Amino acid sequence: MDIKRIDKYIFSIKGKNVDAIVFTDQETINDPEFKEALQQIVNVTHMPGIVAALAMPDIHWGYGFPIGGVGVFDAKDGVISPGGIGFDINCGVRLMLTSLTFEEIKPQLRRLVEAIYDAVPVGVGASGAVKVSAKTLRKVCIEGAHWAVENGYGFKEDLERIEDTGKLSPANPDHVSSKAFERGLDELSTLGAGNHFIEIQKVERIFDPKVAEAFGIFEGQVAISVHCGSRGFGHQIATDYIQIMRDKLAHHNKDLPDKQLINAPFEHPIGQQYFSAMNCAANYAFANRQMIGHAVRMALLKIFPTAQVWLLYDVAHNIAKVEVYNNRKLIVHRKGATRSLGPKNPLLPSLYSDVGQPVLIPGSMGSASYVLVGTKKAEEMSYGSTAHGAGRTLGRRAALRSLSYEQVLNELKQKGIEVMSKGKKTLVEEAPETYKDVDRVVEIVDQVGLSRKVARLVPLGVVKG
DNA sequence: ATGTTC
């Protein structure tokens with residue numbers, strides 16, 4: 001690989017149609033562990049209509065495209081690729097703020113974790129939180145979080161605090177297979193497994209008092225974050241369209257450096273159908289986080305009836321969207337990357353217009369999480385993108401080999417974190433030592449200016465699959 | 001991430 005250092009935390013790697021740009025430190029660039037992930041972002045530069053191939057400091061190996069990657073294509077000559085989005089379409093995170101302080105909830109912490117665990121089905125194959133018909137699921141596909149609010153899962157004021165108000169279009173459920181519908185029916189309002197979690201957190205440190213105030217964040221405040229996606233519904237849609245593209249677009253895809261980069265021209269009917277189906281899954285995920293967030297809010301209010309609980313923001317970090325930069329219509333794939341819009345961006349709701357978009361970066365289980373704010377610089381340098389999380393360094397299998405359930409549980413207990421987890425395996429796979437240090441990731445995006453630190457939150461309690 | 005190996 002032909003790598004050039006452009007700035008302290010910016011590297012360029014010689015690509016085919018464009019050069020790949022990687023925002024990270026020298027250590028990661030040199031680390032053999034990240035070599036495959038760097039090769040993956042270089043592979044993306046071979047794709048038709050590529051405008052930019054970027055990687056964030058939380059880059060790691062993924063299906064075709066690296067996680068922590070941004071693939072930008074011309075909407076006219078370019079492509080849309082399921083691997084650039086990920087199997088968990090619209091995996092994302094929402095952060096709810098409360099009027100409570102750590103001191104107030106401390107005596108009830110265990111009870112609160114238990115109440116949340118009881119309110120939200122978790123784990124592999126979790127189901128049965130709500131019963132919806134196929135007809136209703138079609139509405140969820142089209143209306144997303146708006147459907148949830150209209151049906152009693154939350155309040156109207158939640159919607160402007162969700163990226164794209166929790167409703168993307170075009171989203172035609174006719175483009176979704178019946179198999180995806182079957183899987184999606186009884187998984188609404190369930191958390192799932194893997195790195196998904198619900199976490200009770202405490203605001204430990206404020207970096208930017210002015211923006212923190214605009215966001216309603218104060219030191220010692222209790223916050224709750226929900227990290228999940230579109231469950232089996234999105235997974236099936238990704239699987240279906242990868243198969244369709246293999247069957248129907250073999251000739252178009254014959255020259256790819258990696259078969260997993262399979263794609264469809266964005267303007268081709270298959271590209272348009274995948275885009276529409278992907279938006280259905282994205283809307284399902286927005287509804288899912290809205291419903292889970294509301295269930296968590298209700299569980300908290302049962303224990304603390306006079307508390308206030310409100311949504312700060314909800315972001316998607318596995319998605320492709322049509323966005324315009326320099327009067328050019330582009331298809332921006334963010335796979336393990338968060339949108340980062342600066343002040344006055346017209347896509348922002350008025351309540352955040354003066355300061356910029358809240359950017360939510362969850363850490364791994366047992367480590368810190370961050371609230372940052374979007375920047376104009378990100379709009380100029382990274383097509384409005386920043387990092388999404390800590391970034392895995394140790395594979396799931398390796399984690400299971402080297403750690404035990406008791407070990408991980410003890411480690412969390414020693415930090416004073418209350419944990420409830422359905423599966424022992426999940427807890428080990430998600431152990432803190434399997435992830436890169438989130439503080440380092442956040443430091444780099446802050447230094448480069450892709451988003452600015454506002455607050456650091458630490459975990460108090462965690463519910464996992 | 002995932003009815004955790006289509």
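All chains are named by letter (A, B, ...) in the order of the sequence lines, taking the proteins before the strands, and each is independently numbered beginning at 1. Predicted, not measured: the structure shown is a model, and the values here were computed from it.
No engagement by A/Ala238 is indicated, since no non-hydrogen atom pair under 4.0 Å with the nucleic acid exists. Contacts of A/Lys179 with the nucleic acid, taken as non-hydrogen atoms under 4.0 Å apart, include base atoms. Among the heavy atoms of the strands lying under 4.0 Å from A/Gly194 are primed sugar atoms or P, OP1, OP2 only; no base atom is included. Counting any heavy atom pair closer than 4.0 Å across all strands shown, A/Glu182 reaches no nucleic acid atom. Note on A/Glu430: only backbone sugar-phosphate atoms sit closer than 4.0 angstrom, heavy atoms only; bases stay farther off.
Between A/Tyr284 atom OH and B/dT2 atom C1' there is a gap of 13 Å when expressed in whole angstrom units. Between A/His196 atom NE2 and B/dT2 atom C1' there is a gap of 10 Å when expressed in whole angstrom units. In this structure, A/Arg392 places its CZ atom 18 Å from P of B/dT4, rounding to the nearest Å. If you measure from atom CD1 of A/Ile67 to atom C1' of B/dT2, you get 13 Å, rounded to the nearest angstrom. If you measure from atom CZ of A/Arg397 to atom P of B/dT4, you get 15 Å, rounded to the nearest angstrom. Separating the NZ atom of A/Lys464 from the P atom of B/dT2 is a distance of 10 Å, rounded to the nearest angstrom. To the nearest angstrom, P of B/dT2 lies 14 Å from CG of A/Asp186. Note: NZ (A/Lys424) to C1' (B/dT4) measures 18 Å, nearest angstrom.
Comparing A/Arg246 and A/Gly232 against DNA chain B, the residue whose closest nucleotide sits nearer the 5' end is A/Gly232.
Within the structure, the ring pair (Phe, Tyr, Trp, His ring centres under 6.0 Å) test picks out the following pairs touching residues 385-428 of chain A (sequence neighbours left out): A/His317-A/His388.
A/Asn410 and A/Glu406 form no side-chain donor-acceptor contact under 3.5 Å, judged by distance and modelled atom types alone. In the model, A/Glu430 has a side-chain atom that pairs as donor or acceptor with a side-chain atom of A/Tyr435 under 3.5 Å.
Legend: residues meeting side-chain hydrogen bond (donor to acceptor under 3.5 Å, both in side chains) with A/Ser81, ordered by chain and number and at least two apart, are absent.
Ion pair A/Arg138/A/Asp174 flagged as a salt bridge, since at least one NZ, NE, NH1 or NH2 atom sits closer than 4.0 Å to an Asp/Glu carboxylate oxygen.
Phosphate contact (OP1/OP2 of B/dT2, side-chain N/O of A/Arg231, threshold under 4.0 Å): present.
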